[in-house]
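Keep in mind that this is a model prediction, so the values were computed, not measured. Throughout, a chain's letter reflects where its sequence line sits, starting with A, and its residues are numbered from 1.
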There are 2 protein chains.
Amino acid sequence: MENDKRRPGSETRSEILRVALELFTERGFEGASIRDIAEALGMTKSSLYYHFASKDAILAALMENRRDEVDDLLAWVDEQPRTPDLLRRTALRWVDSTGEERLQGMRFAHANGPVMQRLAADGTDRRSLFGTVIDRVLPGSATVPERLRAQMAFDSVSAALFAAQGTTASDADVLAAAREATVHLTDDA
Amino acid sequence: MENDKRRPGSETRSEILRVALELFTERGFEGASIRDIAEALGMTKSSLYYHFASKDAILAALMENRRDEVDDLLAWVDEQPRTPDLLRRTALRWVDSTGEERLQGMRFAHANGPVMQRLAADGTDRRSLFGTVIDRVLPGSATVPERLRAQMAFDSVSAALFAAQGTTASDADVLAAAREATVHLTDDA
DNA sequence: GTCTATAGGTTGATAGAC
DNA sequence: GTCTATCAACCTATAGAC
C-alpha cells in the first residue's frame with residue numbers, strides 16, 4: 001500500500017502502529033499491554049522501546065497520523081458560500097469522506113472513552129476541533145440544542161458503528177446508514 | 001432516595017456500587033482499581049472484598065441492577081397492535097423512559113467498550129436483547145440496512161450523549177435531542 | 001465488618017551485552 | 001536493532017487478628 005511517506009526506511013514503526021491500533025481497539029488501551037503488542041509482532045518489549053519512548057508515545061503517534069482531517073474540513077468550509085444548507089453539505093462531506101482508516105479510528109475511540117478524554121484535556125485530540133467547525137457552519141445565534149443536533153449529524157458514522165455492534169452489518173451498510181441519518185438530522189421540516 | 005429494596009440492611013453494598021459506577025465511568029474499568037474505590041469510600045480494599053467476591057462481581061452487580069428494563073419493553077411490545085408505526089412508538093417509548101439512572105448506565109457503556117463486549121460474549125448484557133426487540137417490531141422481511149436504521153433509532157440517547165461530550169449541554173438537552181433524532185430516524189418519507 | 005500484612009502476578013520502563 | 005535480565009510500582013485477591 002506504500003503509504004509511509006513520512007519516515008523513510010522505518011517500516012517497523014508503522015508495523016508497530018498497525019498492530020497497536022488493532023489491539024487497543026480490541027481490548028482497550030489499558031487492556032492491551034506493551035508485551036501483548038510486542039509478542040503479536042514477534043519481538044520483545046525492549047525492542048519495541050527502541051522505536052517508541054513510552055506507551056503514551058505510541059498513542060500520540062496514532063493520533064498524529066489522523067489529526068489534520070478536521071483541519072481540511074475547516075479550510076473547505078471557509079471557502080463555501082454561506083447558504084442555508086451549509087450545515088447539511090458540510091456534514092455530508094465529512095460522512096462521505098469516511099474511509100476504512102477513519103472507521104478504524106472511530107472504533108478505537110469507542111473502545112477508549114477515558115483515554116480520549118485524557119487526550120482532549122491535553123488539547124491533542126481532534127474531537128474538540130469539531131466545535132470550531134460547528135461554530136462556522138451555524139449562525140452565532142444558534143442555541144445549545146441546535147448545536148447538539150448539528151454535532152449528532154457529524155457523529156452519525158460513529159452512531160451507526162455503535163448500532164452495528166453485534167450485527168452482521170458490513171462497513172458499507174454502516175456508511176449508508178450514517179449518510180441517511182445525517183440527511184434526516186439536517187432536515188429542517 | 002430509598003431504592004435498595006432488594007437487599008435489606010445492606011446500605012454499604014449500594015454505596016459501593018454507586019461509587020464504583022462513578023469511577024468506572026470516569027476512568028474505565030481497568031483504569032479504576034479496587035483500592036481507588038475503597039479509598040473513595042473511606043475504607044480499605046479488604047473491607048470491600050467482604051462485600052464483593054471480586055472486581056468482576058461488582059461489575060456483574062452493576063449490570064444486574066439494570067437488566068430487566070429491556071424485558072419490560074419486550075413485554076410491552078407483545079401487547080401492542082402491529083401497526084405500521086410500531087417501530088417509532090416502541091423506540092419513542094424507550095427514549096422517553098430514559099431517566100438519570102439509565103443515562104449513567106450509558107455513560108458507563110461508552111467508557112467501557114471492551115468490557116461491555118466481554119459481557120456480551122457471556123450473554124449477560126442487555127444490548128444483545130435489543131436484537132430481539134427489533135425482530136418483533138420489524139417485519140421478518142426487513143433487510144440489514146433497515147435493521148441497522150432501527151437500531152440507531154433506539155440508540156439515539158447514546159448518540160446524543162456522545163455528541164454532548166465536551167459541550168455545555170444538560171441532560172435535558174441530551175434527551176430532547178435524542179427524542180428528535182428518534183423521530184427523524186423513524187420517518188418513512 | 002473492618003483492619004494489617006502479605007502473597008503472587010502483571011505492568012511500564014531501563015541497563016547493558018551483542 | 002534486538003536481545004536477556006532486572007526494577008519498582010502497581011494490581012487482584014487472601015489469611016487472620018480484632
Ignoring hydrogens and angles, state whether a donor on the side chain of [X] or [Y] is under 3.5 Å from an acceptor on the partner side chain.
| X | Y | value |
| --- | --- | --- |
| S158(B) | D155(B) | no |
| T132(A) | D135(A) | no |
| T90(A) | R136(A) | no |

What is the separation between atom [atom1] on [X] and atom [atom2] on [N], rounded to the nearest whole Å?
| X | N | atom1 | atom2 | result |
| --- | --- | --- | --- | --- |
| I58(A) | dA13(C) | CD1 | P | 9 Å |
| R13(A) | dG1(D) | CZ | P | 12 Å |
| L48(B) | dT4(C) | CG | C1' | 16 Å |
| I34(B) | dA9(D) | CD1 | P | 22 Å |
| E11(B) | dG1(C) | CD | P | 9 Å |
| E30(B) | dT12(D) | CD | P | 10 Å |
| Y49(A) | dG16(C) | OH | P | 18 Å |
| K55(B) | dT10(C) | NZ | P | 16 Å |

Give the residues of residues 37-46 of chain B touching DNA chain D, defined as any heavy atom closer than 4.0 Å, sorted by residue number.
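Residues of residues 37-46 of chain B that come under 4.0 Å of DNA chain D are, in numerical order, K45(B), S46(B).
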
Row check, F29(A) ring normal vs K55(A) NZ/CZ: under 6.0 Å, within 45°
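Yes, K55(A) sits over the ring of F29(A).
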
Side chains of R13(B) and F52(B), heavy atoms from C-beta outward: is any pair under 4.5 Å?
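They are in contact (side-chain heavy atoms under 4.5 Å apart), so the answer is yes.
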
Closer than 4.0 Å, any side-chain N/O of Y50(A) to the OP1 or OP2 of dT2(D)?
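Y50(A) to dT2(D) OP1/OP2: no side-chain N or O under 4.0 Å.
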
Hey, is the side chain of S33(A) poking within less than 4.0 Å of OP1 or OP2 on dT11(C), counting only N and O atoms?
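The answer is yes; a side-chain N or O of S33(A) sits under 4.0 Å from OP1 or OP2.
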
Pick the closest DNA chain D nucleotide for H51(A) and for R35(A) by heavy atoms, then say which residue is nearer the 5' end.
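Here H51(A) is the residue nearer the 5' end.
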
Return yes if some donor-acceptor pair links the side-chain N/O of T182(A) with the main-chain N/O of L92(A) below 3.5 Å, else return no.
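It does not hold such a pair.
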
For the residue pair F130(B) and W94(B), does the interplanar ring angle fall in the parallel (under 30°), tilted (30 to 60°) or perpendicular (over 60°) class?
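The rings of F130(B) and W94(B) stand perpendicular, inter-plane angle above 60°.
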
